[in-house]
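Lettering of chains follows the sequences in order, A, B, ..., and the numbering in each one begins at 1.
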There are 2 protein chains.
Amino acid sequence: MGAHVDVSGSQRLDGAAKQRPTMADVAAKAGVSRALVSIVFRDQPGASRETRERVLRVADEIGYRPDSAARLLARGRSRTLGVVLSVHQTFQADLVDSIYPEAERLGYDVLLSAHAPGRAEGKVVEALLSHRCEALILLGPGADPGYLDELGRRTVAVSVGRHLPGVHVDSVHTAEAKGVRQAIDHLVELGHRRIAHVDGGRGPGSAERRRAYRAAMRRHGLAEEIRVIPGAHTEEAGIDSGRLLVAEAERSGRAVLPTAVLAGNDRCAMGLLITFARAGVEVPAEVSVVGYDDSHLSHLMPIGLTTVRQDAVLMAEYAVRFAVERLENAELVPREAVLDPKLVVRGSSGVARAG
Amino acid sequence: MGAHVDVSGSQRLDGAAKQRPTMADVAAKAGVSRALVSIVFRDQPGASRETRERVLRVADEIGYRPDSAARLLARGRSRTLGVVLSVHQTFQADLVDSIYPEAERLGYDVLLSAHAPGRAEGKVVEALLSHRCEALILLGPGADPGYLDELGRRTVAVSVGRHLPGVHVDSVHTAEAKGVRQAIDHLVELGHRRIAHVDGGRGPGSAERRRAYRAAMRRHGLAEEIRVIPGAHTEEAGIDSGRLLVAEAERSGRAVLPTAVLAGNDRCAMGLLITFARAGVEVPAEVSVVGYDDSHLSHLMPIGLTTVRQDAVLMAEYAVRFAVERLENAELVPREAVLDPKLVVRGSSGVARAG
DNA sequence: GCGCTCTACTAGCGCGCGCTAGTGCGAGTA
DNA sequence: TACTCGCACTAGCGCGCGCTAGTAGAGCGC
């Protein structure tokens, strides 16, 4: 894959370094003191109407914009929230969409930082903290509780989607047990008994969902049918699990296939659907598939994904509010918001096949 | 959707505000001057081995971490790159993954900011600039060229995935025409003639791809068959276009269906696959579908998506390097890197159906 | 005239750090 | 002894801004 690099268009730059204008520049040009410019930009009383306008006009002319580094250094507060996410998690993207407006409403700025392969959560957190984020919103944090506890004591931190009992962070998550129970109830009503669960490994909420799955199965007298397939919150994991199941069916006959699979999240469910489609296993005629999250993808999937809905908007609002309230009242203690999930039935679940 | 908010766990905080420790604190505790602590943390010569270790140990003990706000204020440079992205574009997520390591290699920090509904690109850019990002990497910028030109003159900006002739920004994109031509050649070889194109609307690269599609069709003597369906770079757009085509086929018979569709990008192709699957239109037996990007999803799709691969790693590397080189040599003029795309044939394209 | 208040504005310190220009001090020459 | 030289370390200014404590001047009552 070659590349041709082309020096096209534009002329060379004016040799001078592009010096960013400062308040002093504005003040000089407007013929006032720097302090007055500061007053104008902070929208505080103490400047006449005309001076205010003149200052703003001059600032605009010379392209001045406030330097938030200096600003926050001076006032000691950055009013900035740091969000740690994985760019590939679609549900987290949904969360981010809703974090911005709520933060803005409360007068806070938002910076994102992603963990990627080779970029562990700890590094991401350090990056945000060193940029003076006052609080961290961790979307599906994967780090170990000990670290998170320490982090939560050092700064204000909110965990979204992962319940961390005894850890000194705010937490916003859904009542996983309820969601899973709804899903299993739904499947049982449709006549399913052999219901497998592809779990989310160490992903956020996975432990709770796994536990809830086992409990729900037992509650229906299906303890014998419990089967947890180790997975992850990725399409790949769904594909792998799907292949595993298909391979078993090919060896020992389709009767061994579970009649339903509860995936760890929507991405994993997607992977299952993909594999089943490839293998000619019909969903939901032969196997029902249920996801978790209701990320914006789930209603797009070929047959519509039956899934447990987590309300991204509400979760984002709680997360931001928890962070801001803790910042503005240091007396507060970490809190926990547990939201009710809701099963959304679409096309990927149907009555159990015979056998 | 109710929520129960719970004040659980932990004790109330130590009333005192969590004062962030500073260099002075470290210096005092280590019994040296602040300047020496600075030297140690900048890893500069001028401190003995043992002092260095002692300072670092003390810093760790009291939980000191450098304040990048103050740091960049003092040194005048932030060594921070700002990345503007849309969290929902999977290909951009791929790019982000590769931007981090390259930036780190060159000693730069990265901050992300996303445009979301109600958060226009201009605001996102201002946010990053006010956080003292020295350069901006715009992933698939949608703003108008005039604005981008002005932006590019005010600061260092790199556009990724969108070609902006005459605009004062660096640019990294693929040779769209080549990619589209490969795709069309491939389809024509398979016997397709009625090849439609669902375009990407105002999305990055769309105009070029649209133009290239028309040119390639004409080159094959298929001018009569040219059909551009207005779309966007989203699953929704693919779904809508798919519905449109299916509806036509239902009205006027399947013969009117194009035998192949070139989508604006992978997400759009995904939408098409979804709709075709729902409508019982078999891919590739009845319709071939070709995507664009080769985002990490495309090899996951039910049948594997034939798509035009853009090398995310290489694009990210060019973007970062362009930005950094312009920063470190103000004499440089914006450049352009045009990468070769490559058709990846998977299961979604096959020989044209008869008729 | 005096004191008072109110508005419009300014002087200048400090935020946490980078960095230049030093200072002191022991080892190595002449 | 005097004199570099180099190492380990320090003093102190300045980055761009917020913010407190002012000042100057106009208006007003007595």
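- Residue B:T51 places at least one side-chain N or O under 4.0 Å from the OP1 or OP2 atom of D:dC9.
- When the shell of 6.0 Å around CD of A:E50 is examined, it contains 12 or fewer heavy atoms from other residues, nucleotides or ligands.
- One finds no side-chain N or O of A:S48 lying less than 4.0 angstrom from the OP1 or OP2 phosphate oxygen of C:dT7.
- Counting heavy-atom neighbours within 6.0 Å of A:E53 CD, excluding the residue itself, gives a total above 12.
- A:V124 pairs in a side chain to side chain contact (heavy atoms under 4.5 Å, CB included) with only one of the listed residues (A:V84, A:L138, A:L85), which is A:V84.
- Looking at heavy atoms from C-beta onward, B:H115 lies out of side-chain contact with B:K123 at the 4.5 angstrom threshold.
- At a threshold of 4.0 angstrom between heavy atoms, the contacts of B:G76 with the nucleic acid are absent.
- For A:R42, the CZ atom counts as densely surrounded, since its 6.0 Å shell holds more than 12 non-hydrogen atoms of other residues, nucleotides or ligands.
- Other residues, nucleotides and ligands contribute only 12 or fewer heavy atoms inside 6.0 Å of the CZ atom of A:R202.
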Open item on the list: Can you build the contact string for nucleotides 16-25 of chain D? Use B for base contact, S for sugar-phosphate-only contact, and - for no protein heavy atom under 4.0 Å.
Closed with: BBBB------

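- For B:A93, the side-chain contact (heavy atoms from CB on, under 4.5 Å) partners two or more places apart in sequence, or in a different chain, are A:V87, A:H88.
- Note: CZ (B:R54) to P (D:dA8) measures 13 Å, nearest angstrom.
- B:T80 contributes a side-chain N or O that, together with a main-chain N or O of B:S78, makes up a donor-acceptor pair within less than 3.5 Å.
- Atom pair B:R49:CZ and D:dC9:P shows a separation of 13 Å (rounding to whole Å applied).
- Over its full length, the helix from C:dG1-D:dC30 to C:dA30-D:dT1 turns its helical axis through 60°, comparing axes from the five pairs at each end and rounding to 10°.
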